[in-house]
Amino acid sequence: DASLDLRESVTRGRLICLISDPSGNLVVHRQIRGQDLPFRDMLPGRYRVNVAFPALWLAPGLYTVYFKFFGTRGSGVEERHESERAIFAVDGDMDGISRAHLAPVLNWSVSLEAAVELARP
């Protein structure tokens, strides 16, 4: 969760949530446009931004999350804000993950459908 301080009224805003890996590679980039925000016009004040994530299946490691806000003032000037970056850790076993960012828990099933007789020399 983050806070957004606006000193002037803003219209046509959009919020962006970004998650990066330790190398700065973007893992998540999601936005909500102004028409999907609870307010068409955002008045001056402090807003609390909360985002609920489903299970992301992130591989173990350190990640950074932050938010960007873009909007247009009544004068037509674009307003830009960026939240502080928060670091969070995903714990787990790295066995079998390699270099992937996503590591969902998989339920493996391997079964023999038909046996083949090997030729003898």
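Residues R46 and S3 meet the side-chain proximity criterion, which asks for heavy atoms closer than 4.5 Å. Considering only heavy atoms from C-beta on, V51 comes within 4.5 Å of F67 through its side chain. Here the side chains of F88 and I19 are in contact, with some heavy-atom distance below 4.5 Å. Residues K68 and L18 meet the side-chain proximity criterion, which asks for heavy atoms closer than 4.5 Å.
Residue Y63 comes nearest to D21 through the heavy atom pair CD2-CA, 3.9 Å, listed as atom of the first residue, atom of the second, then distance. Here the shortest heavy-atom pairing between V10 and G71 reads CG1-CA, 3.3 Å.
To the nearest 0.5 Å, the span separating CG on L62 from OG on S23 amounts to 11.0 Å. With values rounded to the nearest 0.5 angstrom, I16 atom CD1 is found 11.5 Å from S83 atom OG. From R14, atom CZ reaches atom OG1 of T72 across 9.0 Å, with rounding to the nearest 0.5 Å.
Cluster annotation: V90 and V65 are assigned to the same hydrophobic cluster (Ile/Leu/Val/Met/Phe/Trp/Tyr, side-chain heavy-atom contacts under 4.5 Å, transitive). Hydrophobic cluster membership is shared by M42 and V49, with clusters built from Ile, Leu, Val, Met, Phe, Trp and Tyr side chains linked at under 4.5 angstrom.
For the pair R85 and Y66, the cation-pi test (distance below 6.0 Å, angle within 45°) is passed.
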Let me check something: any side-chain donor-acceptor pairs from residues 26-33 under 3.5 Å, sequence neighbours excluded? List them with distances.
none

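Residue E78 places its CD atom among more than 12 non-hydrogen atoms of other residues, nucleotides or ligands, all under 6.0 Å distant.
A tilted orientation is assigned to the rings of H81 and F69, their planes being inclined by 30° to 60°.
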